[in-house]
Amino acid sequence: MADEKTPKTIDLAKRKAWVYEKEAAPGLADLFAGGERSGRFVRYWVSDNVWNALHLIGHFGLKLLPMDACSAFGAKLGVYAIPRFHKSAEKRARATIAKLRPDLSKADQDKLFVENCRTQGRLMTEFSVVNRLATHPERIEVHHLEWVTEAAKRGPVIFVGMHLGNWEIGPLVLQRAGLVPYINYTPPPGRAKAWISERVRRKNGLNFLPPGLEGIRPAVRVLKSGGIVSAFCDEGVNGKIRGPLFGRKPHLEGNLAMTIRLARMTGATICPWYNLRTDVFRFVCRALPPITLPPEQKSGERLLEDIQLLNDAIEAVIRQHLDQWFFLDNALPKS
């Protein structure tokens, strides 16, 4: 959170961007060094590779299933596995539901949690078959994509998604309109998962920018050339919800602030969008009205107001569809 005793202009200048560091592979010298270094060698080359093999077997094995069967299997897996093997995530999810939906009865809050477990499970297994949707356009109903294409004709666009439904369909939808998005890509932990993630996303039309600080300048170049950068402003970091704000004051950490800064630097139009699951492996995708940031007399003077403006657009949607929100199992910070 911003320090209220510090002027905004000074506070903004002190913010540090996140720098991504890839884990280096330990060498034989680590094995014989003993202690933590030896343990890291064994973990990296032995135990991690067991999980890597299982992830690869699971990913390619699920490709043998029809799309609906793959999704349905994931739903059952999520309901079974999350309450049994992810107790801390369940505890956070139930606490977040209680805070965001105090109007629901205990029974309805339980139903919301179970439905979210289905969502989480579906997302994991659908990664094996999501690119098949490129040849099944009838499974994605699209509304107001013209708002995005018209904005792209006028200049750069930041395509702001939400982690609802299955957001991997975003590039497929943009391809229908001949638009090619770029995204700051942070590999998930685990070498096999990182390889699978990059492979699937490259195949569905995404172009990657470096993660963290190293991706800012390339993103600016893409936008200043009139291109499209994809961003997600709802996020959970270290088990805590960073965005949306959910009643907290605007802060300068995360993608809400980064997106506003990029839009101000490049004159980009912000185009929010989301998709919802309608039936097993079918979706409805909706673009929201584009956001053109109000003019400023002094650079940065509206930053917090702009963050609130973008937050309000996405938070309203997420509040309505918590059952399909990926970050529901993260905790709401106290401030």
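Since the model is a prediction, treat every value here as computed from it, not as a measurement.
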task = Decide yes or no on side chain to side chain contact (heavy atoms under 4.5 Å, CB included) for Cys233 and Asn311, but give the supporting numbers first.
result = CA-CA 8 Å; Cys233 293; Asn311 174 82; over 6 Å; no

query = Phe283 versus Leu276: any side-chain heavy-atom pair under 4.5 Å?
reply = no

message = So, taking the atom named CG in Leu310 and the one named CG in Leu245, what distance separates them when rounded to the nearest 0.5 Å?
response = 9.5 Å

key: Whether His59 and Phe127 hold their rings parallel, tilted or perpendicular, with breakpoints at 30° and 60°   = tilted

remark   = When rounded to the nearest 0.5 Å, the distance separating CG of Asp103 from CG of Asp108 is 9.0 Å

ask   = Does any non-hydrogen side-chain atom of Leu56 lie less than 4.5 Å from one of Ile196?
value = yes

message = Return the CG to CG distance between Asn204 and Asn131, rounded to the nearest 0.5 Å.
response = 5.0 Å

request  = Decide whether Asn116 and Trp325 meet the rule of one side-chain donor and one side-chain acceptor closer than 3.5 Å.
outcome  = no

Centroid-centroid under 6.0 Å between Trp167 and Phe326 rings = yes

message = Between Ser225 and Arg221, do the side chains contain a donor N or O and an acceptor N or O under 3.5 Å apart?
response = no

ask   = Would you find a donor on one side and an acceptor on the other, under 3.5 Å apart, between the side chain of Glu235 and the backbone of Gly243?
value = no

query = Is the shortest distance from a Lys or Arg side-chain nitrogen in Asp306 or Arg264 to a carboxylate oxygen in the other one below 4.0 Å?
reply = yes

query = Between Glu138 and Arg282, does at least one N-O distance fall below 4.0 Å, as a salt bridge requires?
reply = no

query = Looking at Arg132, Arg277, Arg139, which hits salt bridge (charged side-chain N to carboxylate O under 4.0 Å, His left out) with Asp68?
reply = Arg139

ask   = Is the backbone N or O of Asp234 less than 3.5 Å from a side-chain atom of His163, with the two atoms forming a donor-acceptor pair by type?
value = yes

Residues Glu315 and Arg319 bridged, charged N to O under 4.0 Å = yes

ask   = Between Glu305 and Arg302, is there a salt bridge with N-O shorter than 4.0 Å?
value = no

Non-hydrogen side-chain atoms of Val173 and Val148 separated by less than 4.5 Å = no

inquiry  = I'd like to check Phe208 versus Tyr182 (side-chain heavy atoms, cut-off strictly below 4.5 Å). Are they in contact?
reply    = no

message = Test of understanding: with side-chain contact (heavy atoms from CB on, under 4.5 Å), list the residues that count as partners of Asp312, not counting sequence neighbours.
response = Gln308

message = With a 4.5 Å cut-off on side-chain heavy-atom distances among I, L, V, M, F, W and Y, is there a chain of contacts connecting Val280 to Phe73?
response = no

request  = Taking the side chain as every heavy atom from C-beta outward, state whether Ile260 and Leu293 have any atom pair closer than 4.5 Å.
outcome  = yes

ask   = Just how far is it from atom CG of Leu332 to atom CZ of Arg92, taken to the nearest 0.5 Å?
value = 12.0 Å

query = Roughly how far, to the nearest 0.5 Å, is CD of Glu168 from CG of Asn275?
reply = 10.0 Å

request  = Find out whether Phe113 and Asp323 are in side-chain contact, i.e. whether some heavy atom of one side chain is under 4.5 Å from a heavy atom of the other.
outcome  = no

request  = Please step through side chain to side chain contact (heavy atoms under 4.5 Å, CB included) for the pair Trp273 and Leu145, ending with a clear verdict.
outcome  = CA-CA 9 Å; Trp273 74 281; Leu145 184 60; over 6 Å; no

Donor-acceptor pairs under 3.5 angstrom involving side-chain atoms of residues 24-32: please list them, not counting sequence neighbours.
| from | atom 1 | to | atom 2 | distance (Å) |
| --- | --- | --- | --- | --- |
| Asp30 | OD1 | Arg37 | NE | 2.8 |
| Asp30 | OD1 | Arg37 | NH2 | 3.3 |
| Asp30 | OD2 | Gly27 | N | 2.8 |

Between Thr119 and Gln324, a side-chain donor and acceptor under 3.5 Å = no

message = Could you check whether atom OH of Tyr44 has more than 12 heavy atoms from other residues, nucleotides or ligands sitting under 6.0 Å from it?
response = yes

message = Could you measure the distance from the CG atom of Asn52 to the CH2 atom of Trp45? Nearest 0.5 Å is fine.
response = 10.5 Å

task = Evaluate the ring planes of His144 and Trp147, with Trp represented by its six-membered ring, and classify them as parallel (under 30°), tilted (30 to 60°) or perpendicular (over 60°).
result = parallel

request  = Find out whether Phe246 and Ile318 are in side-chain contact, i.e. whether some heavy atom of one side chain is under 4.5 Å from a heavy atom of the other.
outcome  = yes

Check: Gly35 main-chain N/O paired with Ser38 side-chain donor or acceptor under 3.5 Å = no

task = Using the salt bridge (Lys or Arg N to Asp or Glu O under 4.0 Å) rule, take Lys153 and Glu150 through it: C-alpha gap first, then chi angles, then the decisive distance, then the call.
result = CA-CA 5 Å; Lys153 291 176 182 177; Glu150 289 169 3; over 6 Å; no

inquiry  = Within the supplied structure, the quantity of interest is the number of heavy atoms (other residues, nucleotides, ligands) at a distance under 6.0 Å from Lys76 NZ; does it exceed 12?
reply    = no

ask   = How would you list, by chain and number, every residue that makes a side-chain contact (heavy atoms from CB on, under 4.5 Å) with Ala219, sequence neighbours excluded?
value = Asn184, Leu209, Val229, Leu262

query = Got a donor-acceptor contact below 3.5 angstrom from the Thr125 side chain to the Cys70 backbone?
reply = yes

key: Side-chain touch Leu309/Pro294, heavy atoms, less than 4.5 angstrom   = yes

query = Does a side-chain N-to-carboxylate-O contact under 4.0 Å join Glu253 and Arg242?
reply = no

task = Mind running salt bridge (Lys or Arg N to Asp or Glu O under 4.0 Å) on Arg94 and Glu90 for me, showing each step along the way?
result = CA-CA 6 Å; Arg94 290 187 180 278; Glu90 177 185 3; 2.9 Å; yes

query = Hey, are Lys193 and Glu198 close enough for a salt bridge, meaning a charged N less than 4.0 Å from a carboxylate O?
reply = no

Salt-bridge contact Glu23-Arg40 (side-chain N to carboxylate O under 4.0 Å) = yes

request  = Flag the pair Asp48 and Arg43 as a salt bridge only when some basic side-chain nitrogen lies within less than 4.0 angstrom of an acidic carboxylate oxygen.
outcome  = yes

